[in-house]
Structure formats: structure tokens, C-alpha cells
Visitor: 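Here's a structure for you.
Quantities reported herein were computed from a predicted structural model and do not represent experimental measurements. Residues take their numbers from the sequence shown, with the count starting at 1. Side-chain atoms are counted along with the backbone in the values below, which use heavy atoms only and exclude waters and symmetry mates.
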Amino acid sequence: MKIVVCIKQVPDTTEVKIDPETNTLIRQGVPSIVNPFDLIAVEVALQLKEKHGAEVTVVSMGPPQATDALKECLAMGADQIFLVSDRAFGGADTLATSYTLAQAIKAKVPDFDMILCGKQAIDGDTAQVGPEMAEHLDIAQVTYVAKLDVDGKKVMAEREHDEGYEQVETAMPVLVTVVKAIADPRLPTIRGTIKANAAEVPVITAADIPFDVNQLGLKGSPTKVMKIFTPERRTQGEIFDGDVNQSVNTLLQRLSDAKLL
């Protein structure tokens with residue numbers, strides 16, 4: 001079984017800053033991490049590797065510094081990694097990103113059985129790239145998976161949704177996006193870290209694969225981000241002290257005065 005895991009290097013959300021003049025993210029000097037949901041996807045792939053003898057390939061699309069994220073996955077136990085990086089890919093929205101990744105996977109791992117992704121990235125929160133990749137590749141997809149098992153070429157999954165869980169069964173090849181409940185990512189080993197630090201990361205550029213240039217980067221992106229901003233602080237609520245019945249009556253009166261009742 002051949003498994004591909006897609007990861008993204010994202011700004012650490014505890015350190016995110018926004019330029020008040022341009023309303024854009026300040027990335028310089030802000031530490032980057034592997035998207036936490038993607039690390040969970042790597043863990044699921046490694047568990048399947050241990051159980052079924054799978055080969056795990058991890059891929060990321062991003063600038064050259066994304067090699068650090070890929071090496072972390074190699075240190076965890078992935079078999080191979082590669083980076084999709086070129087200025088031609090810059091400014092891509094989810095549609096252009098999913099197209100680029102899909103084409104790269106077809107070129108590097110054409111006989112894949114499963115693609116694993118985190119349910120979403122913590123910087124964009126769109127949860128679109130995984131499902132869009134499945135559409136580009138014309139394969140089945142199962143999203144928000146909390147449990148996953150494999151029997152031959154059959155995949156059994158349990159999906160989270162607002163009203164509980166849903167049991168799904170499908171055949172490979174398949175794309176699966178996973179949620180936090182499915183696993184806790186392992187820490188890289190010392191031996192794995194030494195191996196990863198010495199590894200060369202193969203890079204795929206726009207010249208390496210017959211991409212449709214009209215579907216790459218800004219040119220292939222039908223959506224545009226107009227601005228990013230910090231929401232205004234909301235005023236704190238009012239606390240009613242004293243007798244419970246009196247506090248309830250006061251609250252109801254305030255709600256009535258505000259025409260909320």
C-alpha cells in the first residue's frame with residue numbers, strides 16, 4: 001500500500017501579527033510550524049504503515065523553508081518526502097493549490113492507494129484543498145474521519161459530523177481528511193532527526209511537470225484575499241451579583257429593554 005500525506009507549513013498562531021497599515025499577516029520573524037491537523041494525518045499514515053507495511057510519502061507545497069516541515073515528518077518515520085516549490089505557484093488559492101498538488105502526486109506517486117490530509121489548515125481554515133484534490137484526481141473522498149481501517153483495497157471510516165458519527169466504506173484509491181480525535185502525533189526520534197537533518201529534499205518546480213500554467217498561482221486562482229484584519233474587541237458582559245431570582249429578573253428586563261425578548 002502506498003500512502004501520500006499532504007502537509008502545510010503555517011505560522012504559529014500564538015505568534016501571529018497583523019500589519020495595521022496593510023492589513024496583511026506579518027510573516028517575517030514569525031515562527032512556522034507543521035499544521036497540527038497535518039501532523040495527525042502523518043501519524044495515521046505511520047500507524048497504517050506499521051499495521052499493513054505501507055510506504056509513506058509526505059509532500060508539501062510552499063517556499064524553500066517548508067523543507068523544515070518535511071524533515072520533521074521524515075524524522076517521525078515517513079519513507080520519503082518532496083517539496084513542490086516555484087514562484088509560478090505563488091499566490092495560489094485553494095483551487096490552484098489543489099491542482100498543483102494533484103499533478104505533483106500523479107507525477108511522483110502515480111500508483112498511490114490513499115492520500116491523507118488534515119481536516120483543515122489553521123491559517124486559512126477553509127478545509128477545501130483535500131476535497132478539491134480528490135476532484136482533480138477523480139477519486140473517492142471521505143472527510144472529517146475519526147476512525148480509519150483498511151482491509152485489502154477496502155477502506156472503512158467513521159466520520160464526525162454535527163449530529164454524531166457516520167460509517168463509510170469505499171474502495172481505494174481514496175483521499176481521507178482526518179480530525180483531532182483519530183490520533184495523537186508521535187514525537188520524532190533522535191535517530192530519525194539525525195537522518196532527516198542529513199537528507200536532501202527533492203524539489204518539484206513548474207518546469208518538471210507538464211502543468212497547465214493557466215491553473216497555477218495567481219493566474220489560476222478565482223478567489224482573492226482582499227484584506228486580513230483583527231476583529232474589534234467586544235465589550236465585556238455585565239455580572240449580576242446578589243439574589244438569584246433578582247438577578248434573573250434584572251437580566252430579563254435588560255433583554256426586554258434591548259428588544260431581544
Visitor: Using the rule that Ile, Leu, Val, Met, Phe, Trp and Tyr join whenever any side-chain heavy atoms are under 4.5 Å apart, tell me whether Val5 and Leu175 fall into a single cluster.
Guide: no
Visitor: What's the spacing between Ile209 CD1 and Ile204 CD1 if we round to 0.5 Å?
Guide: 4.0 Å
Visitor: I need the minimum non-hydrogen distance between Ala102 and Met133, along with the two atoms involved.
Guide: CB-O, 4.4 Å
Visitor: Do Val59 and Ile81 belong to the same hydrophobic cluster, where Ile, Leu, Val, Met, Phe, Trp and Tyr are linked whenever their side-chain heavy atoms lie under 4.5 Å apart, directly or via other members?
Guide: no
Visitor: Atom CG of Leu216 and atom CD of Gln103: how far apart are they, to the nearest 0.5 Å?
Guide: 9.0 Å
Visitor: With rounding to the nearest 0.5 angstrom, report the CG to OG1 distance, Leu74 to Thr67.
Guide: 11.5 Å
Visitor: Any idea which heavy atoms bring Ala92 and Thr97 closest together, and the distance?
Guide: CB-OG1, 3.5 Å
Visitor: May I have the step-by-step check of side chain to side chain contact (heavy atoms under 4.5 Å, CB included) for Leu137 and Ile115, ending in yes or no?
Guide: CA-CA 11 Å; Leu137 294 166; Ile115 299 174; 3.4 Å; yes
Visitor: Got Arg159 and Thr143 here, is their nearest side-chain heavy-atom distance under 4.5 Å?
Guide: yes
Visitor: For Asp212, what residues pass the side chain to side chain donor-acceptor pair (under 3.5 Å) criterion, not counting sequence neighbours?
Guide: Gln215
Visitor: Quick one: closest heavy-atom pair of Ser60 and Leu101, and the distance?
Guide: C-CD2, 4.5 Å
Visitor: Taking the side chain as everything from C-beta on, heavy atoms only, tell me whether Lys147 gets closer than 4.5 Å to Met156.
Guide: no
Visitor: Do the side chain of Ser32 and the main chain of Pro11 share a donor and acceptor less than 3.5 angstrom apart?
Guide: no
Visitor: Check whether any side-chain N or O of Glu132 sits under 3.5 Å from a backbone N or O of Leu95 as a donor-acceptor pair, and report yes or no.
Guide: yes
Visitor: Listing request: all salt bridge (charged side-chain N to carboxylate O under 4.0 Å, His left out) pairs with a residue in residues 85-113, at least two apart in sequence or in separate chains.
Guide: Lys2-Asp111, Asp113-Lys153
Visitor: What closest approach, in Å, do Ile40 and Val179 show between heavy atoms, and which atom pair accounts for it?
Guide: CG2-O, 3.7 Å
Visitor: With sequence neighbours excluded, give me every ring-ring contact (aromatic ring centres under 6.0 Å, His included) pair touching residues 101-144.
Guide: Tyr99-His136
Visitor: Whether the side chain of Asp125 engages the backbone of Gln120 through a donor-acceptor N/O pair (distance < 3.5 Å, no angle test) should be reported.
Guide: no
Visitor: Partners of Asn197 by side chain to side chain contact (heavy atoms under 4.5 Å, CB included), sequence neighbours excluded?
Guide: Thr193
Visitor: Does some side-chain heavy atom of Cys117 sit less than 4.5 Å from a side-chain heavy atom of Val129?
Guide: no
Visitor: Asp208: which residues meet the salt bridge (charged side-chain N to carboxylate O under 4.0 Å, His left out) condition with it, sequence neighbours left out?
Guide: none
Visitor: For Gln65, is there any backbone N or O sitting under 3.5 Å from a side-chain donor or acceptor partner on Gln9?
Guide: yes
Visitor: Listed by chain and number, what are the salt bridge (charged side-chain N to carboxylate O under 4.0 Å, His left out) partners of Asp151, not counting sequence neighbours?
Guide: none
Visitor: Under the ring-ring contact (aromatic ring centres under 6.0 Å, His included) definition, can you give me all pairs with a residue in residues 35-90, not counting sequence neighbours?
Guide: Phe89-Phe211
Visitor: Which pairs count as salt bridge (charged side-chain N to carboxylate O under 4.0 Å, His left out) when at least one residue sits in residues 58-81, sequence neighbours excluded?
Guide: Lys49-Asp79
Visitor: Side chains of Val150 and Met114: does their closest heavy-atom pair fall under 4.5 Å?
Guide: yes
Visitor: For Glu135, check salt bridge (charged side-chain N to carboxylate O under 4.0 Å, His left out) against everything at least two apart and list the hits.
Guide: none
Visitor: With hydrophobic residues grouped by side-chain heavy-atom distances under 4.5 Å, do Val58 and Val109 end up in a single group?
Guide: no
Visitor: Going from CG on Asp241 to CD on Gln246, what distance comes out if it is rounded to the nearest 0.5 angstrom?
Guide: 10.5 Å
Visitor: Is Val34 linked to Leu46 within one hydrophobic cluster, defined over Ile, Leu, Val, Met, Phe, Trp and Tyr using a side-chain heavy-atom separation of less than 4.5 Å?
Guide: yes
Visitor: What do you reckon, is CG of Leu261 surrounded by more than 12 foreign heavy atoms closer than 6.0 Å?
Guide: yes
Visitor: Once ring-ring contact (aromatic ring centres under 6.0 Å, His included) is applied, what residue pairs with a partner in residues 159-194 remain, sequence neighbours excluded?
Guide: none
Visitor: Taking Ser256 for its side chain and Leu252 for its backbone only, find out whether a donor-acceptor pair lies under 3.5 Å.
Guide: no
Visitor: So which pairs with a foot in residues 248-261 pass salt bridge (charged side-chain N to carboxylate O under 4.0 Å, His left out), sequence neighbours left out?
Guide: Glu238-Arg254
Visitor: What residue pairs, at least two apart or across chains, pass salt bridge (charged side-chain N to carboxylate O under 4.0 Å, His left out) with a residue in residues 181-203?
Guide: Glu43-Arg186, Glu50-Arg186
Visitor: If you compare all heavy atoms of Thr100 against all heavy atoms of Ala96, which two are closest, and at what distance to 0.1 Å?
Guide: OG1-O, 2.8 Å
Visitor: So which heavy atom on Ile3 is nearest to which on Leu116, and how close?
Guide: CG2-CD1, 3.8 Å
Visitor: Hey, does Val155 have a side-chain heavy atom less than 4.5 Å from the side chain of Leu148?
Guide: yes
Visitor: For atom CG of Leu187, decide whether the heavy atoms of other residues, nucleotides or ligands shown that lie under 6.0 angstrom number more than 12.
Guide: no
Visitor: Quick check on the hydrophobic clustering: are Val178 and Ile7 connected, directly or via other members, by side-chain heavy-atom contacts under 4.5 Å?
Guide: yes
Visitor: Report the distance from atom CG of Asn35 to atom NZ of Lys8, rounding to the nearest 0.5 Å.
Guide: 7.5 Å
